[in-house]
Protein chains: 2
Amino acid sequence: MAHINTTQYALLGMLSYMPMSGYDLKKFIDQSISFFWSENYGHIYPVLKKLEQEKFVTKRVEHNQGKPSKNIYSITQEGLSVLTDWLAAPVQKEIYRLEILLKLFFGYLTETGTMIEKVAVHKKTAEKTLRELLDIENHINTQHHDLPKNKPPYQLLCLNYGKHFYNMVIKWCDETLGILQAAKNNQQ
Amino acid sequence: MAHINTTQYALLGMLSYMPMSGYDLKKFIDQSISFFWSENYGHIYPVLKKLEQEKFVTKRVEHNQGKPSKNIYSITQEGLSVLTDWLAAPVQKEIYRLEILLKLFFGYLTETGTMIEKVAVHKKTAEKTLRELLDIENHINTQHHDLPKNKPPYQLLCLNYGKHFYNMVIKWCDETLGILQAAKNNQQ
DNA sequence: GCGCCCATGTAACTAGTTACATGATTCA
DNA sequence: TGAATCATGTAACTAGTTACATGGGCGC
């Protein structure tokens, strides 16, 4: 393959669970992997079209009474094949761009109180996301996709990453707030 | 400001430490915040030009014997002003795209051994980055920028995030490898 | 009647990466 | 002599976001 477009593998992977429309894909992604992956319609629809041209998916139209018709996409054998090739290929170096840390790095330019507020908001956001992870956990547990038996619980392994991550963030925020607050008290 | 280009704030922030060339900026970024932020030349040079047009930085040419000349950029009062405005503004929602988790989420499509290898590599990468963080720590500690006294140690707070993060990743990898290995043994 | 959800899609844009071109110096 | 570092920059590209357009159904 000439180049790598990760979105296309994300969509193929989701379609390996079950045939879906672009709209369904967005919802499914938001309700399962949103804490580490996101897609938007402006990207999903063009990529689906491209996947269809490449014969990695097929489209059929589902007519529903009372609702708009849907374009349902199914993964093909070729699609499964490129997907599993990608799974076996090395992971690209992950590039993080954490705006909160960038601001904190330049924090000496501003009031300590400003940075305290940023970190406090960051902590609240992490706590909220952690709660949402539990919703996702429920969602995964109540869905019975007839996943192959004797396979590891991959979805739960991913979820576990999220739990570790957000708990770590909360812990770091607490530590950081302690240091910032102490510095602020000293300034007065 | 009409739109947000985070790179321009990253560059302005770095220039608030000291005047630098585009080349210096890249090196400085790589040696201080690379574990949570990165920039490349193809982006740095055009953004510097834009910042100069907007009068957020000024350029002067430094002639060096035996070496090519450098364009040294300094932040202006206006530049400092937009930078501190940005510091006070809310942090954008951080969007994570973790390819390792995306692959793991579709791991049931492939051999357990394939996923074990991915996680093992991920662990090794995290261990390597953690070691690099200690180098950065040394670099920060040995640089004496005459940072304002009675300010919190912002650089160390950022670094501490990195330590927490990569230790968490290593822990999660260990847990995950345990589960995958057990599943693999059961399959045989 | 209003707002929300369902459903698909495009256009315009911003952001960011990769590859390339240039040319000098230093070091092995 | 060849590789690495210093130093700047552009062109072509890929990726991803935002805003907009359309239109029906449902619940309050």
Side-chain angles (χ1 to χ4, degrees), chain A residues 1-11 19-31 34 36-54 57 59-73 86 92-99 102, chain B residues 1-11 19-31 34 36-54 57 59-73 86 92-99 102:
Chain A
M1 305 217 53
H3 62 87
I4 295 127
N5 176 340
T6 319
T7 294
Q8 82 181 253
Y9 298 114
L11 299 187
M20 275 182 276
S21 67
Y23 193 84
D24 295 336
L25 276 165
K26 167 79 169 136
K27 262 198 319 186
F28 196 72
I29 288 170
D30 287 349
Q31 285 168 11
S34 61
F36 67 84
W37 203 267
S38 65
E39 296 291 351
N40 56 51
Y41 293 123
H43 212 195
I44 288 172
Y45 287 114
V47 171
L48 278 175
K49 190 175 279 188
K50 188 172 154 259
L51 287 173
E52 198 192 351
Q53 281 164 8
E54 293 173 315
V57 301
K59 182 171 87 174
R60 66 183 167 79
V61 179
E62 186 184 277
H63 298 280
N64 301 298
Q65 72 278 48
K67 284 186 178 182
S69 295
K70 282 178 168 192
N71 299 329
I72 305 288
Y73 294 90
W86 173 75
Q92 306 284 106
K93 178 161 172 37
E94 320 258 12
I95 291 165
Y96 305 103
R97 300 193 106 210
L98 303 181
E99 202 183 303
L102 192 63
Chain B
M1 306 218 47
H3 62 86
I4 295 128
N5 177 340
T6 318
T7 293
Q8 81 179 256
Y9 297 115
L11 300 187
M20 274 183 276
S21 67
Y23 192 83
D24 294 336
L25 276 165
K26 167 81 169 134
K27 258 198 322 185
F28 195 72
I29 287 170
D30 286 349
Q31 284 167 14
S34 61
F36 68 83
W37 203 267
S38 65
E39 296 292 350
N40 57 49
Y41 293 123
H43 212 196
I44 288 174
Y45 287 113
V47 170
L48 279 175
K49 189 175 280 185
K50 187 171 155 259
L51 287 173
E52 199 192 352
Q53 281 163 8
E54 294 173 314
V57 301
K59 181 171 87 175
R60 67 184 166 79
V61 179
E62 188 183 274
H63 298 280
N64 302 298
Q65 73 278 49
K67 282 186 177 180
S69 296
K70 281 180 169 189
N71 299 330
I72 304 288
Y73 294 90
W86 172 76
Q92 305 283 107
K93 179 160 172 41
E94 319 259 13
I95 290 164
Y96 305 104
R97 299 192 108 209
L98 304 181
E99 201 182 302
L102 193 63

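Here is the naming used below: chain letters follow the sequence lines, and residue numbers restart at 1 for every chain.
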### Query
Which residues satisfy the side-chain contact (heavy atoms from CB on, under 4.5 Å) test with A:K26, sequence neighbours excluded?
A:D30, A:Y41, A:I44

### Query
Under 4.5 Å between any side-chain heavy atoms of B:E54 and B:Q8, yes or no?
yes

### Query
Does B:P46 have any side-chain contact (heavy atoms from CB on, under 4.5 Å) partners at least two apart in sequence or in another chain, and if so, which?
none

### Query
Are any of B:T7's side-chain N or O atoms less than 4.0 Å away from OP1 or OP2 of C:dG16?
yes

Kindly give the atom pairs (protein nitrogen or oxygen, nucleotide nitrogen or oxygen) under 3.5 Å for nucleotides 20-22 of chain D.
none

#### Entry: Rounded (10°) bend between the five-pair end axes of the helix from C:dG1-D:dC28 to C:dA28-D:dT1
30°

### Task
Side-chain contact test, heavy atoms from C-beta onward, threshold under 4.5 Å: evaluate it for A:R97 versus A:L102 and give yes or no.
no

### Message
Please report the distance, rounded to the nearest Å, between NZ in B:K50 and C1' in D:dG9.
### Response
18 Å

### Task
Using a 4.5 Å cut-off on heavy atoms from C-beta on, say whether the side chain of B:T6 contacts that of B:W37.
yes

#### Entry: Pairing residues for B:E94 by the side-chain contact (heavy atoms from CB on, under 4.5 Å) criterion, not counting sequence neighbours
A:L98, A:E99, A:I100, A:H122, B:V91, B:Y96

### Message
By nearest atom, which of the nucleotides C:dT8, C:dG16, D:dT8 is closest to the B:N5 side chain?
### Response
C:dG16

### Message
With a 4.0 Å cutoff (strictly under), does any side-chain N or O of A:R97 reach OP1 or OP2 of C:dA15?
### Response
no

### Summary
Sorted by chain and number, sequence neighbours left out, side-chain contact (heavy atoms from CB on, under 4.5 Å) with B:S34 holds for B:I136

### Query
Below 4.5 Å, heavy atoms only, C-beta onward: do B:E52 and B:K50 meet side chain to side chain?
no

### Query
Roughly how many Å is it from CD1 in A:I44 to P in D:dA15, rounded to a whole number?
16 Å

### Nearest-Å distance for atom pair CD/C1', residues B:E62 and D:dT8
15 Å

### Message
Which residue in the set B:V57, B:N5, B:L51 passes side-chain contact (heavy atoms from CB on, under 4.5 Å) when paired with B:L11?
### Response
B:L51

### Message
Please compare B:I95 and B:K59 by the position of their nearest nucleotide in DNA chain D and report the one closer to 5'.
### Response
B:K59

Table of protein N/O atoms under 3.5 Å from nucleotides 3-6 of chain C N/O atoms:
unit_1, atom_1, unit_2, atom_2, d
C:dC6, OP2, A:Y23, OH, 2.9

### Query
If you check every side-chain atom of B:H43, which of D:dG16, D:dT17, C:dA15 has the closest atom?
C:dA15

### Per A:N40 side chain, nearest of listed nucleotides D:dT8, D:dT17, C:dT8
D:dT17

### Query
For A:K49 and C:dT8, is the shortest distance between a side-chain N/O and OP1 or OP2 below 4.0 Å?
no

### Summary
Those residues at least two apart in sequence (or on a different chain) that pass side chain to side chain donor-acceptor pair (under 3.5 Å) with B:S69 are B:H63

### Query
With side chains defined as the heavy atoms from C-beta onward, is the minimum distance between B:T7 and B:E39 less than 4.5 Å?
yes

### Task
Could you check which of D:dG9, D:dT18, C:dG9 has an atom nearest any side-chain atom of B:N71?
D:dG9

#### Entry: Distance, rounded to the nearest Å, where B:L102 contributes CG and D:dA15 contributes C1'
15 Å

### Query
Which listed nucleotide (D:dT10, D:dG16, C:dT8) is nearest to the side chain of A:Y45?
C:dT8

### Task
Measure from CG on B:L48 to P on D:dT10 and round the result to the nearest Å.
11 Å

### Task
In whole angstrom, give the distance that lies between atom CG of B:D24 and atom C1' of D:dC6.
10 Å

### Query
Should B:Y45 and B:Y23 count as side-chain neighbours, where that means a heavy-atom distance under 4.5 Å?
yes

### Summary
Those residues at least two apart in sequence (or on a different chain) that pass side chain to side chain donor-acceptor pair (under 3.5 Å) with A:N71 are none

### Task
Respond yes when some side-chain nitrogen or oxygen of A:S69 is under 4.0 Å from OP1 or OP2 of C:dT8, and no when none is.
no

#### Entry: Rounded distance in Å - NZ (B:K26) to P (D:dT8)
14 Å

### Task
Can you tell me the distance, in whole Å, between the OH atom of A:Y41 and the C1' atom of C:dA11?
19 Å

